Amino acid sequence: MPERAIEEYKIADEPYYLPVDNEIGLFEAAHSSHLPVILKGPTGCGKTRFVEHMAWRLERPLITVACHEDLSSTVWHDGPLTSAVRHGAICYLDEVVEARKDTVVIIHPLTDHRRRLPIEKRGTILEAPSDFMLVVSYNPGYQSILKDLKQSTRQRFIAIDFDYPPPELEAAIVAREGGIDEGTARDLVLIGQKVRNLRGHGLEEGVSTRLLIYAAQLISNAPLKWRCVLPSPTIETCSAAFGRLLRR
């Protein structure tokens, strides 16, 4: 990771996030108690946006690591994980199940009373300051014999469960983030719910809130000639926009 000042990882503007339950209070309690957190839920349900919102709310830098990267090189080369520990940032390991199993154990000393990061190749140990927090995301729907979190890893975290928001909240999110009216957003959410019901019946994954927002943005940015033919978006318009995304 190129060297960057830690200030560059601070989020200046509030990321939009609409709470569904008591997840904000749980996260704040975990942070004040110096406990790591695991966010469990399907892809595209708002886990990453939630972490961004909480980093802004707690006024802490946020360093994100995509876990298809090699965590060992992340540590040995003083990359994102090491920088987060050194500066007391929030470190977010996105889709931690994608990391190699032999490197996930690197984080174990950070997730118990020791709160330290051994850097064996340098023969040093970094002590995590009180503001440091480790957050990982985990999609149980992707678990398999070959890819799953070991019990010894999962039990180290405070778990916050995520799912797609209730229809009324999801419609409000889609309307705001997608730039469409609430009626059209409700139509999109209705389509999304119907598609989600097909999981296990020929469809491996349901429609995420993120995908509904993308469909809303397609509708919002429809060419002018479409708007002349369709003065107001209809459920058919929503289905067409959504179909384009599914065919990507």
Side-chain angles (χ1 to χ4, degrees), residues 1-11 23 26-41 47-140 142-143 146-160 162:
M1 183 185 77
E3 287 293 328
R4 294 172 57 184
I6 195 64
E7 288 75 17
E8 294 185 39
Y9 293 99
K10 290 186 176 179
I11 299 174
E23 64 269 27
L26 271 175
F27 194 97
E28 290 177 333
H31 181 264
S32 63
S33 301
H34 315 306
L35 296 173
V37 167
I38 183 169
L39 308 179
K40 298 167 56 179
K47 299 187 296 294
T48 299
R49 177 60 66 88
F50 172 70
V51 175
E52 292 171 347
H53 178 82
M54 294 309 301
W56 171 85
R57 192 181 183 97
L58 295 170
E59 299 181 342
R60 300 307 307 153
L62 174 63
I63 298 179
T64 299
V65 182
C67 282
H68 61 272
E69 300 172 358
D70 188 344
L71 284 183
S72 61
S73 64
T74 293
V75 175
W76 313 139
H77 297 305
D78 206 18
L81 180 57
T82 308
S83 295
V85 175
R86 195 182 302 280
H87 296 286
I90 294 175
C91 183
Y92 178 46
L93 304 183
D94 191 17
E95 297 297 351
V96 68
V97 75
E98 295 294 335
R100 282 177 20 210
K101 288 185 179 180
D102 61 333
T103 60
V104 170
V105 294
I106 293 170
I107 68 175
H108 281 191
L110 280 172
T111 56
D112 57 27
H113 66 281
R114 293 171 289 178
R115 286 178 58 84
R116 59 178 57 169
L117 179 65
I119 306 181
E120 295 180 2
K121 288 188 178 180
R122 295 185 178 180
T124 59
I125 294 177
L126 279 182
E127 302 286 344
S130 60
D131 284 334
F132 170 77
M133 184 177 190
L134 183 65
V135 182
V136 305
S137 68
Y138 171 56
N139 184 347
Y142 286 162
Q143 64 184 2
L146 297 178
K147 281 191 174 183
D148 196 6
L149 278 182
K150 294 171 66 175
Q151 187 65 29
S152 60
T153 299
R154 277 186 288 181
Q155 67 182 4
R156 295 169 177 271
F157 292 84
I158 300 297
I160 301 180
F162 280 73

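In this text, all values refer to a predicted model and were calculated from it rather than measured experimentally.
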Worksheet item: Which is it for His31 and Met54 under the side-chain contact (heavy atoms from CB on, under 4.5 Å) test, yes or no, and what are the steps along the way?
Response: CA-CA 10 Å; His31 181 264; Met54 294 309 301; over 6 Å; no
Item to complete: Could you walk me through whether Leu81 and Ile107 pass side-chain contact (heavy atoms from CB on, under 4.5 Å), step by step?
Response: CA-CA 9 Å; Leu81 180 57; Ile107 68 175; 4.3 Å; yes
Worksheet item: Yes or no on side-chain contact (heavy atoms from CB on, under 4.5 Å) for Thr48 and Thr64, after CA distance, side-chain angles and deciding distance?
Response: CA-CA 9 Å; Thr48 299; Thr64 299; 5.9 Å; no
Discussion item. One pair to check against side-chain contact (heavy atoms from CB on, under 4.5 Å): Cys91 and Val65. What are the steps and the verdict?
Written reply: CA-CA 8 Å; Cys91 183; Val65 182; 4.2 Å; yes
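Between the Arg86 side chain and the Leu126 main chain, no donor and acceptor come within less than 3.5 Å of each other. Under the 3.5 Å distance criterion, the side-chain polar atoms of Arg156 are left unmatched by any main-chain donor or acceptor of Asp112.
Atom CD of Glu8 sits about 10.5 Å away from atom CD1 of Ile63, to the nearest 0.5 Å. Considering NZ of Lys40 and CD1 of Ile160, their distance stands at 11.5 Å, rounded to 0.5 Å. Put simply, OG1 on Thr82 and CD1 on Ile119 are 4.5 Å apart, with the number rounded to the nearest 0.5 Å. Here the CD1-OG1 distance, from Ile158 to Thr111, works out to 11.0 Å after rounding to the nearest 0.5 Å. Residue Lys10 holds its NZ atom at 11.0 Å from NE2 of His87, rounded to the nearest 0.5 Å. Of the inter-residue distances, the one linking Ile11 atom CD1 with Glu59 atom CD reads 12.0 Å to the nearest 0.5 angstrom.
Put simply, the side chain of Glu28 reaches to within 4.5 Å of the side chain of Arg57, judged on heavy atoms. Using a 4.5 Å heavy-atom threshold, the side chains of Arg115 and His34 count as touching. By the 4.5 Å heavy-atom criterion applied to side chains, Val105 and Thr153 are not counted as neighbours. Inter-residue side-chain proximity for Phe157 and Leu134 is flagged as met; some heavy-atom pair is nearer than 4.5 Å. Between Lys47 and Tyr92 the shortest side-chain heavy-atom distance falls below 4.5 Å.
Closest heavy-atom contact between Val85 and Pro129: O-CD, 2.9 Å. Shown here for Ala55 and Leu62, the closest heavy-atom pair between the two residues is CB-CB, 3.8 Å. Here the closest non-hydrogen pair linking Tyr138 and Pro140 is O-CD, 3.2 Å. Closest heavy-atom contact between Ala29 and Ser32: O-OG, 3.0 Å. Nearest heavy-atom pair, Ala89 versus Pro61, reported as atom, atom and distance to 0.1 Å: CB-O, 3.4 Å.
Phe27 pairs by the ring pair (Phe, Tyr, Trp, His ring centres under 6.0 Å) definition with Phe50, not counting sequence neighbours. Here Glu52 pairs with Arg49 under the salt bridge (Lys or Arg N to Asp or Glu O under 4.0 Å) rule; sequence neighbours left out.
A 6.0 Å sphere centred on CD of Gln151 holds more than 12 heavy atoms belonging to other residues, nucleotides or ligands.
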